[in-house]
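First the structure, in the form of structure tokens, and then the observations on it.
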Protein chains: 2
Amino acid sequence: MSTLKDVAKKANVSVATASYVMNGSDLITKQTKEKVLLAAKEIGYRPNGNAKNLKKNKTNIIGLFLSGFTGPFFNELLEGIQVAVIKRGYEMVVCASDDKHRLLVERYVDGAIILNYHISNELLDSLASEKFPIVVLDRELENPHVKEVLLPNKHGMDYTVSHLVEQGHKRIGFIAGSRESFDGESRLEGFRESLSKHDLPFKETDLIRADFTEISGLLCMAKFLEENENYPTAFVSANDEMAMGAIKASQQTGLKVPDDIAFVGFDDIDLSRYVQPALTTVRVQKKQWGQTAAEALFAMLQKKEGIDEAEIPIEFIPRQSS
Amino acid sequence: MSTLKDVAKKANVSVATASYVMNGSDLITKQTKEKVLLAAKEIGYRPNGNAKNLKKNKTNIIGLFLSGFTGPFFNELLEGIQVAVIKRGYEMVVCASDDKHRLLVERYVDGAIILNYHISNELLDSLASEKFPIVVLDRELENPHVKEVLLPNKHGMDYTVSHLVEQGHKRIGFIAGSRESFDGESRLEGFRESLSKHDLPFKETDLIRADFTEISGLLCMAKFLEENENYPTAFVSANDEMAMGAIKASQQTGLKVPDDIAFVGFDDIDLSRYVQPALTTVRVQKKQWGQTAAEALFAMLQKKEGIDEAEIPIEFIPRQSS
DNA sequence: TCAATTTATTGAAACGTTTCAATAAGAATT
DNA sequence: AATTCTTATTGAAACGTTTCAATAAATTGA
């Protein structure tokens, strides 16, 4: 593989000059510039990113660290981060890990956004620094170089429960996702809190554990209805997909939604307004979430202090399922 | 940030020794080993991946290059690649690009899997080499260091069309995705070819252009039905999501599926068997696809020649929508 | 015409590792 | 006790860049 040295030799200049040319310095005269560029092309030169990074002590890459690619995988979130990152002239890489977290630890990136329950708080504490800021999307963490950018899940649950209470519901169930999800659990927690604000009890047996997929919602709800002939008049779901599945299951059992049983989702995915009945839900700006996360990271990277705690906007969307 | 040198100094050994310890060489005596490890821990040492990579001329990372994070984003595919990559002691990074493709060009990875229509054949041709093998998932490309791992889309269309013809359909429409998708277009092409094998004509006006999302399928189908009171008795869709959307649109117009109009999807996503009516489709092993792609890459990386052209298995799944 | 200034080019050190070849220290063989 | 053979440790070069400081060349001003 050819290097800058090869280019320099071919163009009859020093490697310093070649380097300046490759980086578009304006000290270099036009004709040497062309000479070098031509040589580089002829020889098929590709810069070596590792050497660059090593020298500059900087990669211009930020990393998004996920726990995996299955499960609730937020395309919009990725898109939001990507947009913000590109705007800053950086690149983004996303990777999944459950063990060594090599890409996170070995300084391949200038900063990290974390949504990975396999990564411990201790590790993050030991990594975060002035030079290596971190944004967490899935936990609370007190550290000057770590910033939390969290969804206002509890806020959303307040809307939801108030709405349901207004409609006269007294016994409300909950469809939860997998326990590893910070958002899922904080929605459940928020649900519990909102319920008690309204002096309503929660029967633990009305808690259904699914795994965020539509099909798990369908299956678990079907099972629930089969086992309990006495059921809540309403269910809150930790996301839209499960709510949709649960609605299908209820309908297949002959129940009318929302008359016999009401459902409220969370997220407002595109499909929610098109299903029958259209799904009541809480709209979450996932793309905005990603963007905010990236912005927060860049703010730390540039030591700008005054980043105001931007809340991710949410909105309650009443539709026909409740 | 502390370096190996710092560790060495603290442990009173040479950096060579420290390096050997960090890499678990068995030449080093147990007590120096402990001494170094302790020093490393105390000092909070993290290896510098860039320096390592530079020296070793190898990153142990393979890259998956996508065009974006929206659109048909194949979690299963990612999962498949990830599994195979981890098994080999490598890591995977995924990134999106539409312009400079820095991460692809600057040797951050040891090999690449491409599913990104922004990346030109010329670029791939210039990058691919003995030392840098490439697997393409979205094009045909003749190059000794590039391997195609493609879905048998046309094969799937043969099944589909034969099935529909057997059921007596004579006028069959097609719901296509966005033009940038290689798979989408090759399904369309396959559809055309299968149709003509059966001596059936294809009316260009029976081609609906959507964008792979369920909602686009719904919207485009609704529009089509509104504009054409005369419509095909069956539609083949380039993926399941659009088929589901189209079915919803048809039902909302009062049509009975499959009696008035039949639908066949492609992919067999989880949900397909649970919708009403259950969706006839072609099952594609996406995870297998990813795994095969990664295996093919490793085979090239290890110069193993005899990689047999593994076909990704597909299977026709007749259900109630046709 | 010569000094002073500006502009273009270059040599060489440095970034943090790995790893070869060389050395030092111990153990084993005479 | 001297020699050989192991084993553990180390010095130093190398990987491919960037960038500072130094030089060389060209231009200007007197």
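Side-chain atoms are counted along with the backbone in the values below, which use heavy atoms only and exclude waters and symmetry mates. Numbers restart at 1 for each chain; the letters A, B, ... are given by sequence-line order, proteins then strands.
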Closest nucleotide of DNA chain C for Thr17(A) versus for Lys55(B): which of these residues is on the 5' side?
-> Thr17(A)
For Tyr20(A) and Ser2(A), take the nucleotide of DNA chain D holding the closest heavy atom to each; which residue's nucleotide lies nearer the 5' end?
-> Ser2(A)
What integer distance in Å separates Gln31(A):CD from dA25(D):C1'?
-> 13 Å
Looking at Phe132(A), does the NZ or CZ of Arg46(B) lie under 6.0 angstrom from its six-membered ring centre and within 45 degrees of the ring axis?
-> yes
Criterion side-chain hydrogen bond (donor to acceptor under 3.5 Å, both in side chains) on Thr292(B) and Gln288(B), from CA distance to verdict = CA-CA 6 Å; Thr292(B) 305; Gln288(B) 179 68 52; 3.2 Å; yes
Just call it for Asn48(A): base, sugar-phosphate, or nothing, with non-hydrogen atoms closer than 4.0 Å on any strand.
-> sugar-phosphate
Quick one: label Val13(B) by what it contacts on the DNA or RNA (base, sugar-phosphate, nothing), any heavy atom closer than 4.0 Å.
-> sugar-phosphate
How is Thr29(A) classified with respect to the nucleic acid when contacts are heavy atoms under 4.0 Å: base, sugar-phosphate, or nothing?
-> sugar-phosphate
Flag yes if more than 12 heavy atoms outside Lys5(A) fall under 6.0 Å of its NZ atom; otherwise flag no.
-> no
Measure from the ring center of Tyr108(B) to the ring center of Tyr108(A) and say whether it is less than 6.0 Å.
-> no
Could you check if a side-chain atom of Asn57(A) sits within less than 4.5 angstrom of a side-chain atom of Lys131(A), using non-hydrogen atoms only?
-> yes
Checking all strands, does Thr3(A) fall into the base, sugar-phosphate, or nothing category for heavy-atom contacts under 4.0 angstrom?
-> sugar-phosphate
Give one of base, sugar-phosphate or nothing for Arg107(A), where a contact means two heavy atoms less than 4.0 Å apart.
-> nothing
Evaluate side-chain hydrogen bond (donor to acceptor under 3.5 Å, both in side chains) for Thr59(A) paired with Asn53(A), printing each intermediate quantity in order.
-> CA-CA 5 Å; Thr59(A) 65; Asn53(A) 297 161; 5.4 Å; no
Going 5' to 3' on DNA chain C, which nucleotide is the first and which the last to come under 4.0 Å of a heavy atom in chain A?
-> dA8(C) to dG16(C)
Could you tell me whether Asn50(A) contacts a base, only the sugar-phosphate backbone, or nothing, with contacts defined as non-hydrogen atoms closer than 4.0 Å?
-> nothing
